[in-house]
Student: 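Mind having a look at this structure? Questions to follow.
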Amino acid sequence: MTTRTPTNEDADTGGRRPTSLAAPKPSKYTDRDQAERRLGIRLVLPAAIVMAVVTVYPILYAIWLSLQRYNLRFPDDRKYVWFANYTKILSSGVFWQVFSVTILITVISVAIEFVLGLTLALVMHRAIFGRNVVRTSILIPYGIITVVAAFAFRFAVSPDDGGFLFTNSDNPPLSNHWGSLAVIILTEVWKTTPFMSLLLLAGLATVPNELIEAAKVDGASSWQRLRKVILPTMKAAVMVALLFRTLDAVRIFDTVYIQTKGANDTATLSQLGYNQLINQLNLGLGSAVSVLLFLLVVLIAFIFVKGFRTDLGAVRGER
Amino acid sequence: MLAACGSSGGGVPTLNWYIGKQSGGWIEHAIDECNKSAAGKYKIKFQELPARATDQREQLVRRLAANDSSIDIVGMDVIWTAEFANAKWIAPFPESQRAALTDGVLQGPVQSGTYQGKLYAAPYTSNTQLLWYRKDLTAAPPENFTWQQMLDDANRQGKQVQIQGARAESLTVTFNALLASAGGRFLNNPEAGKDATVSLEQAPTVAALTALHNLAASPAANPSLNTAEEDSSRQAFEEGNSLYEINYPFIYPSAAESTSVPGLQQKLGWARFPRVDANTPSKPPLGGFNLAVGAASKHKDLAFQAIECIRQPANQLFAAQEGGNPPTTSAVYDQLTTDKYPFKEVLRSSINDAEPRPVSPAYNDLSLAVQNTIHPLSGVNPTADAIALRKLSEQALKSEAVLS
């Protein structure tokens with residue numbers, strides 16, 4: 001006998017392999033099962049504790065700090081103020097200015113990265129000759145540290161730092177608002193497009209070739225094949241790529257810090273939090289900014305994940 | 001037992017001196033001299049901080065707030081005294097040492113090291129900005145020369161005026177000097193410490209902002225004004241298409257090496273900081289370094305002694321001659337050589353009359369309020385921004401302002 005027919009015993013143990021064929025026990029959870037469960041919990045516990053210590057504790061601590069008036073330079077003035085810090089932040093012009101800059105950088109850079117990333121992913125997917133060389137060279141920018149990339153672009157476009165571009169310009173990019181934003185977005189795009197294309201390439205690999213062939217036979221143009229066949233099939237990968245990059249872009253810090261330090265109204269939310277915390281040692285206000293940024297990240301993740309699920313459901317319903 | 005543990009660390013106690021990177025080797029020189037004369041009592045070690053004052057402070061406050069005991073001697077920008085003293089990050093000098101550290105020292109620097117009656121930071125070097133001009137292209141400015149005249153002059157000749165417009169401390173330096181020159185004050189009662197109130201009267205504040213905006217909006221402004229700091233102003237001036245520059249004296253030795261304008265140093269004239277109002281003498285800015293002792297240091301007594309050695313007149317002279325940092329001890333000015341300090345008299349009187357930036361524990365936030373409000377200078381609306389600045393400063397003083 002090569003195959004075994006399912007028995008009641010299999011159903012009882014939830015399809016798990018019987019612990020012992022020779023001596024099956026009638027009770028639902030055997031002693032051994034219970035021992036294994038306890039072992040399982042014991043094995044998971046250290047990881048759970050570490051997670052709690054390194055993520056849950058700091059988050060709760062930040063929330064607790066954000067409800068206080070607490071500046072390390074004026075330790076005697078510490079007191080509990082409930083949501084006063086949030087009111088101050090949400091009613092300040094600086095916050096909303098910084099918020100809109102952050103959203104602007106996020107939306108534009110992720111949009112450009114998606115288009116470029118998809119193009120590169122298609123190139124990498126299709127490449128027949130020199131496949132490894134093409135893939136490796138496309139991935140190089142992602143291997144470069146963000147701080148280094150930020151310096152490289154700053155040194156290129158800022159004549160004050162010895163840059164070789166815009167040397168005769170009356171208004172070099174890093175000395176005005178839109179120019180600075182353009183350089184920051186360009187740096188982000190250059191640096192993280194490979195990441196996007198890597199995730200999309202993984203998605204492309206899941207699209208069955210027969211589907212594309214069938215569409216071809218039905219006379220679909222290449223644009224139609226991309227829009228109607230390839231993208232919907234790899235929707236999950238697209239969502240993951242967009243989600244990861246959006247969460248990353250919303251927290252952008254190093255590029256801005258190196259290139260403008262927030263000058264020309266280019267400060268982002270992370271930088272606002274950094275300035276309150278590190279420069280002004282204002283733990284109350286700074287933690288409140290951090291908590292707001294955290295909530296924004298949670299909100300974005302929620303929206304994406306929700307979209308991701310309903311789409312999966314829709315796909316299933318169609319089939 | 002404890003003593004045995006302590007002495008097993010190498011015998012001579014090390015005093016870590018945190019100070020920003022300086023050119024001219026005067027820090028190293030002072031360390032060598034003092035380590036020699038200490039003869040094994042202590043050994044000072046140079047801990048280099050970044051070049052920009054903002055970055056220096058950021059690193060220091062992070063360490064000091066965490067009670068870093070490795071910080072023995074702090075090279076303090078003159079504006080940090082109130083903040084560091086109020087937070088109890090630096091220890092006041094013993095009264096017995098005060099005379100040795102302040103006798104014969106110019107008044108401005110002494111005040112900059114004093115907070116609520118105690119000396120927290122010993123005056124070491126000082127600095128101020130002068131008005132530099134091309135004497136081959138324009139006449140020497142008269143005593144009551146104003147900012148507007150400077151601007152008109154440059155525009156008439158199609159030349160630039162170099163000032164610092166970057167979103168950095170240098171912007172507050174310029175604003176505060178103009179505000180004081182226009183007869184205004186930042187705080188009503190700085191001696192009240194953290195309970196002080198904001199002054200920033202409308203008329204002088206608008207006058208100062210108008211002066212800055214007029215320059216930024218005119219063709220005389222450097223195209224890179226929004227990112228111009230002290231050194232980029234120097235570079236831009238050395239390129240040769242500027243008539244005036246407001247900057248520290250470090251530009252004088254550098255002018256000798258300008259390649260774009262041969263002999264620039266000989267073509268350089270100097271005068272006191274321009275006036276805002278022709279009938280009111282200007283109030284030049286005050287810069288420089290003071291020396292303080294970290295409150296968490298394990299060798300406070302030795303650090304107090306070492307500071308007395310570091311700032312002795314001979315070292316101040318070296319710092320001035322080799323590093324371009326003017327002295328705080330008045331008598332040292334007499335020893336400055338005229339080849340390096342032909343402008344030493346206007347320098348000494350400028351420092352005498354200088355207007356320190358507001359002495360407040362919340363100074364950093366006040367400065368950020370200025371930078372947040374008036375950068376970029378070309379976008380300044382004097383009337384509206386004077387009101388906005390007053391409001392933001394009031395919040396900043398209570399550390400309730402959201403500042404980027």
Side-chain angles (χ1 to χ4, degrees), chain A residues 69-77 81 84-85 88-98 101 158-162 166 168-177 179-180 260-269 271-286 288-289, chain B residues 52 54-55 57-59 61-62 64-67 82-89 165-168 171 193-194 219 221-229 231-233 235-236 239 361-365 367-369 371-373 375-376 378-379 388 391-392 395-396 398-404:
Chain A
R69 175 191 161 87
Y70 185 20
N71 190 317
L72 282 181
R73 293 175 299 169
F74 308 101
D76 305 340
D77 297 348
V81 293
N85 288 328
K88 260 173 232 147
I89 292 168
L90 294 175
S91 63
S92 86
V94 174
F95 176 79
W96 291 109
Q97 197 272 327
V98 164
V101 165
S158 169
D160 272 353
D161 295 311
F166 303 102
N168 292 320
S169 165
D170 274 358
N171 198 358
L174 288 184
S175 67
N176 64 68
H177 178 64
S180 304
T260 64
K261 270 217 148 172
N264 307 322
D265 290 337
T266 54
T268 61
L269 281 173
Q271 200 162 17
L272 189 68
Y274 173 90
N275 284 343
Q276 312 306 308
L277 286 167
I278 308 293
N279 185 295
Q280 292 149 48
L281 302 177
N282 200 333
L283 301 189
L285 269 187
V289 173
Chain B
R52 286 178 49 187
T54 319
D55 300 333
R57 177 189 164 278
E58 205 164 282
Q59 198 177 122
V61 296
R62 206 160 56 207
L64 289 167
N67 294 324
E83 177 181 34
F84 286 24
N86 180 70
K88 301 188 179 72
W89 292 335
R167 183 167 166 156
L171 189 60
K194 63 179 178 149
N222 181 335
S224 300
L225 177 63
N226 289 344
T227 52
E229 297 194 43
D231 203 53
S232 28
S233 294
Q235 283 174 25
E239 279 166 20
Y363 174 75
N364 176 67
D365 300 33
S367 176
L368 284 176
Q371 296 167 39
N372 274 221
T373 312
H375 187 274
S378 49
K391 198 169 155 231
L392 193 57
Q395 291 179 341
K398 289 181 270 178
S399 76
E400 287 179 354
V402 183
L403 301 159
S404 73

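Here is the naming used below: chain letters follow the sequence lines, and residue numbers restart at 1 for every chain.
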Student: Please examine the side chains of B:Arg62 and A:Leu72, heavy atoms only from C-beta on, and report whether any two atoms are closer than 4.5 Å.
Tutor: no
Student: Give the minimum heavy-atom separation between A:Lys88 and B:Glu400, together with the two atoms involved.
Tutor: CD-O, 3.5 Å
Student: Working to the nearest 0.5 angstrom, can you tell me the gap between A:Leu281 CG and B:Ser399 OG?
Tutor: 10.5 Å
Student: Select one option (side chain, backbone, both, neither) describing which atoms of B:Ala362 are under 4.5 Å from chain A's heavy atoms.
Tutor: both
Student: Pick from B:Lys194, B:Gln371, B:Lys88: which one has the most heavy-atom pairs with chain A under 4.5 Å?
Tutor: B:Lys194
Student: Given that the side chain runs from C-beta out, which part of B:Leu368 has a heavy atom under 4.5 Å from chain A: side chain, backbone, both or neither?
Tutor: side chain
Student: Under 4.5 Å, counting heavy-atom pairs only, tell me which of B:Gly379, B:Ser224, B:Pro376 racks up the most with chain A.
Tutor: B:Ser224
Student: Could you measure the distance from the NZ atom of A:Lys261 to the CZ atom of B:Arg52? Nearest 0.5 Å is fine.
Tutor: 5.0 Å
Student: The test is side-chain contact (heavy atoms from CB on, under 4.5 Å); show your working for B:His375 and A:Asn264 and say whether it passes.
Tutor: CA-CA 7 Å; B:His375 187 274; A:Asn264 307 322; 3.4 Å; yes
Student: Under a 4.5 Å heavy-atom cut-off, does chain A meet the side chain of B:Gln235, its backbone, both or neither?
Tutor: side chain
Student: Check whether A:Asn85 gets within reach of chain B through its side chain, its backbone, both or neither, counting any heavy atom under 4.5 Å.
Tutor: neither
Student: For B:Asp365 and A:Gln280, indicate whether the former's side chain and the latter's backbone hold a donor-acceptor pair under 3.5 Å.
Tutor: no
Student: Donor-acceptor check, side chain of B:Arg57 to backbone of A:Asn279, threshold 3.5 angstrom: yes or no?
Tutor: yes
Student: Look up atom CG in B:Asn226 and atom CG in A:Asn176, then write down how far apart they are to the nearest 0.5 Å.
Tutor: 8.0 Å
Student: From B:Arg167 CZ over to A:Thr260 OG1, what is the distance, rounded to the nearest 0.5 angstrom?
Tutor: 8.5 Å
Student: Distance from B:Gln59 atom CD to A:Ile278 atom CD1, nearest 0.5 Å?
Tutor: 12.0 Å
Student: Is B:Asn372 close to A:Gln97 at the side-chain level, that is, under 4.5 Å between some pair of heavy atoms?
Tutor: no
Student: Relative to chain B, which segment of A:Ile89 carries a heavy atom at a distance below 4.5 Å: side chain, backbone, both, or neither?
Tutor: both
Student: Could you tell me the separation between the CD atom of B:Glu58 and the CG atom of A:Asn275, rounded to the nearest 0.5 Å?
Tutor: 7.0 Å
Student: Does the pair A:Arg73 and B:Glu83 meet the rule for a side-chain contact (heavy atoms from CB on, under 4.5 Å), with working shown?
Tutor: CA-CA 7 Å; A:Arg73 293 175 299 169; B:Glu83 177 181 34; 2.7 Å; yes
